[in-house]
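Inspection log for the structure reproduced underneath, given as structure tokens.
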Amino acid sequence: MVDTSFTHIAHSTQTIQQRYLHVITWGCQMNVYDSNRMVDLLRPLGYKVTDEAEKADVLILNTCHIRDKATEKVFSELGRLRQIKEYREDQGNPTLIAVAGCVAQAEGEIILKRAPYVDIVFGPQTYHRLPKMILDVARKSGNVIETDFPTESKFDFLPAPDESQGYTAFLTIQEGCDKFCSFCVVPYTRGAEESRPVQAIIDEATHLCSLGVKEISLLGQNVNAYHGQGPDGNIWDLVKLAEKLSTIPGLLRIRYTTSHPNDMSDSLIAAHRDLPTLMPFLHLPVQSGSDRILKSMNRGHTVSEYYVIIEKLKKAKPDIALSSDFIIGHPGETNEDFKATMKLVQDITFAQAFSFKYSPRPGTSAAVSMNQIAEPEKDARLQELQAVLKDQQTQFNKDTVGRKIPILFTHKGRKEGQIAGKSPYLQAVHAQGNDSLIGQECVVEIDECLTFSLSGSLVKESTSH
Ligand code: SAM
Ligand code: SF4
């Protein structure tokens, strides 16, 4: 569906001067996707992206509420943007500040109260209305706040991306969450779980591939719970969707993130064996290795159930690279619980992982628990865990030395004559090679494991995909 109500705005602005847009994106890949789509929405109105905030007529801060002192971070950044706005306006250049994302969703009114110089506040489900919000502010009708969960889906109102995305792209296929883990704000900020219809995803992916994209990362808070309306009238799962996407000409690689253990079906595990486009990498957060803590987190699975999934995955795809998220110091976590997490990490071994100190989030059940863990305890446990995870990541990378691996080259390397890209296991790899190979998947022999990347030598230019 195309929202025709904005067409007149686009026409009227085409005759006015070029305008600039500066977007600051914090948080997850879904926020990166959302920011890109905001740019797509504003481009027809004459807005061009600039890296220089001082040059921008519109400044958008796309925020994340998942951890830490999210709100305070926002106000501190807003202080900086306010100075830019005041300076620009002194020069006679009207400047608009918009706060988007999950902090905007959670703290909308508070933001406008504490920072009245902010012009627009909108949540993750209403950014399709951004052109109208900007117009409303320009007409001097005061601040605009849009943090409802609208009945219409924003996806029905977003234009197709019309600028080259490079060779890899994110594509949101599912949003929101109904699982209500004790520690998490997502169900409150992103709303109920919703899957986009299959055809809309195929259309967007086909369009991205026509722009030159070779690798698509399908995004969702629980992406493997995807269940979208198919063109045949049936509900499609992630496997069926990935199989269909694999037929799009030019698409070499499919990834998906983030998955929940409870939605890791046998058919999805089998797809890692059977579908060559599905990359051998899985981010499957476990959060804790203690059944007691998993229960209090409301995760809905046990440690042994997680082990079973991993066993099946390793059987189906022996070279699969595993990644996870860990929360350290969830309320009630004893030293024994922490040791159980360390044991899980030692048993499974991860190619990479993200680990966080538990951070109480307003409105969540864990935040009001009386059993909060002291910060120094959390710090000590986190350090211990991160040391092991770092060693495992280094070992995983070292184990690829000597192997011949297809690398999708996406950009120039840092040094003259280098090209760089990613392995199927999501490792950064660079090699000496001609720029003409950027955008192609080539076989590279890995020679050396460096601190942040691998270096290799080209064996074969372009794989047979
Ligand atoms: N849906 C995914 C799942 O269930 O595993 C995770 C999505 S969440 C947006 C990303 C990660 O942020 C979580 O896996 C968790 O490790 C971390 N996280 C969420 N809330 C947190 C909190 N209150 N404190 C620390 N880390 C948190
Ligand atoms: Fe948050 Fe993931 Fe739990 Fe949903 S399943 S509440 S997104 S951690």
Side-chain angles (χ1 to χ4, degrees), residues 25-34 62-71 73 101-103 105-106 124 170 172-195 217-226 238 256-264 282-290 293-301 305-306 309-310 322-333 338 341 344-345 350 352-369 371-373 375 378-379 381-382 385-386 389:
T25 307
W26 291 341
C28 63
Q29 292 149 325
M30 293 184 80
N31 267 14
V32 175
Y33 175 86
D34 289 343
N62 194 3
T63 61
C64 171
H65 204 230
I66 204 84
R67 275 177 298 276
D68 302 332
K69 299 176 177 69
T71 313
K73 248 177 83 183
C102 292
V103 176
Q105 184 65 44
F170 294 134
T172 294
I173 64 167
Q174 180 272 337
E175 260 203 286
C177 182
D178 301 329
K179 289 191 165 69
F180 291 94
C181 297
S182 61
F183 50 83
C184 185
V185 285
V186 166
Y188 310 97
T189 55
R190 290 260 171 182
E193 189 188 303
E194 194 203 330
S195 294
S217 295
L218 305 173
L219 303 181
Q221 258 90 27
N222 285 292
V223 74
N224 58 341
Y226 176 81
L238 183 60
Y256 60 98
T257 198
T258 296
S259 295
H260 191 290
N262 292 359
D263 299 305
M264 207 60 221
L282 180 67
H283 182 63
L284 192 65
V286 65
Q287 314 297 355
S288 169
S290 153
I293 295 299
L294 286 179
K295 190 153 188 270
S296 74
M297 284 176 164
N298 193 29
R299 292 292 286 177
H301 66 84
E305 281 161 350
Y306 188 81
I309 296 168
I310 299 299
L322 297 167
S323 165
S324 196
D325 287 346
F326 296 91
I327 294 183
I328 293 309
H330 181 271
E333 185 190 76
F338 173 64
T341 300
L344 180 142
V345 170
F350 292 92
Q352 65 165 64
F354 301 93
S355 46
F356 315 102
K357 258 194 314 182
Y358 166 73
S359 139
R361 309 313 298 135
T364 59
S365 60
V368 290
S369 163
N371 298 319
Q372 302 295 329
I373 308 298
E375 286 302 308
K378 287 192 217 171
D379 286 332
R381 289 178 190 169
L382 187 66
L385 173 70
Q386 287 184 338
L389 290 171

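Please read all numbers here as calculations on a predicted model, not as lab measurements. We count ligands from 1, going down the list as the structure has it; atoms in each ligand are counted the same way.
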Among all protein heavy atoms, pick out the one at the shortest distance from [atom]; state its residue, atom name and that distance to 0.1 Å.
| atom | value |
| --- | --- |
| atom 18 (N) of ligand 1 | R67 NH1, 3.5 Å |
| atom 1 (N) of ligand 1 | Q221 O, 2.7 Å |
| atom 14 (O) of ligand 1 | D325 OD2, 2.6 Å |
| atom 19 (C) of ligand 1 | I66 CG1, 3.4 Å |
| atom 23 (N) of ligand 1 | S359 O, 2.8 Å |

Once rounded to the nearest 0.5 Å, what's the spacing between atom [atom1] of [X] and atom [atom2] of [Y]?
| X | Y | atom1 | atom2 | value |
| --- | --- | --- | --- | --- |
| L389 | F354 | CG | CZ | 11.0 Å |
| N224 | H283 | CG | NE2 | 11.0 Å |
| L219 | C28 | CG | SG | 8.0 Å |
| L382 | I328 | CG | CD1 | 6.5 Å |
| M30 | T258 | CE | OG1 | 9.0 Å |

Option of least heavy-atom distance to atom 5 (O) of ligand 1 (set: P285, S355, C184): P285

Shortest reach to atom 25 (C) of ligand 1 by a heavy atom, considering only H260, K357, H330, H65: K357

NZ/NE/NH1/NH2 to OD/OE distance under 4.0 Å, E375 and K357: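 A salt bridge is present here (some side-chain N lies under 4.0 Å from a carboxylate O).
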
Counting heavy atoms only, which part of [X] comes closer than 4.0 Å to ligand 1: side chain, backbone, both or neither?
| X | answer |
| --- | --- |
| F183 | both |
| N222 | side chain |
| R299 | side chain |
| Q287 | side chain |
| T258 | side chain |
| V185 | neither |

For R361, the ligand 1 atoms whose distance to one of its heavy atoms is below 4.0 Å: 23 (N)

Proximal atoms of ligand 1 relative to V186 (non-hydrogen, under 4.0 Å):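 Selected atoms, number and element: 9 (C).
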
Residue list, ring pair (Phe, Tyr, Trp, His ring centres under 6.0 Å) with Y188, at least two apart or on another chain: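 Residues passing ring pair (Phe, Tyr, Trp, His ring centres under 6.0 Å) with Y188: F180.
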
More than 12 heavy atoms from other groups under 6.0 Å of NZ on K295: no

Among R381, M297, Q372, side chain to side chain contact (heavy atoms under 4.5 Å, CB included) partner for E333: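 The single option meeting the side chain to side chain contact (heavy atoms under 4.5 Å, CB included) with E333 is R381.
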
Check: Q174 side chain, N222 main-chain N or O, donor-acceptor pair, under 3.5 Å: yes

H330 and its side-chain hydrogen bond (donor to acceptor under 3.5 Å, both in side chains) partner, picked from S290, S182, S369, S288: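 Among S290, S182, S369, S288, the one that satisfies the side-chain hydrogen bond (donor to acceptor under 3.5 Å, both in side chains) with H330 is S182.
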
Atom 7 (C) of ligand 1 protein-contacted (non-hydrogen atom, under 4.0 angstrom):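 So far as the 4.0 Å threshold goes, atom 7 (C) of ligand 1 is out of reach of every protein heavy atom.
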
Ring pair (Phe, Tyr, Trp, His ring centres under 6.0 Å) evaluation trace for F356 with F183: CA-CA 12 Å; F356 315 102; F183 50 83; 9.8 Å; no

Atoms (protein N, O or S; no water) under 2.8 Å from atom 3 (Fe) of ligand 2: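 Considering protein N, O and S only, atom 3 (Fe) of ligand 2 has 1 within range.
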
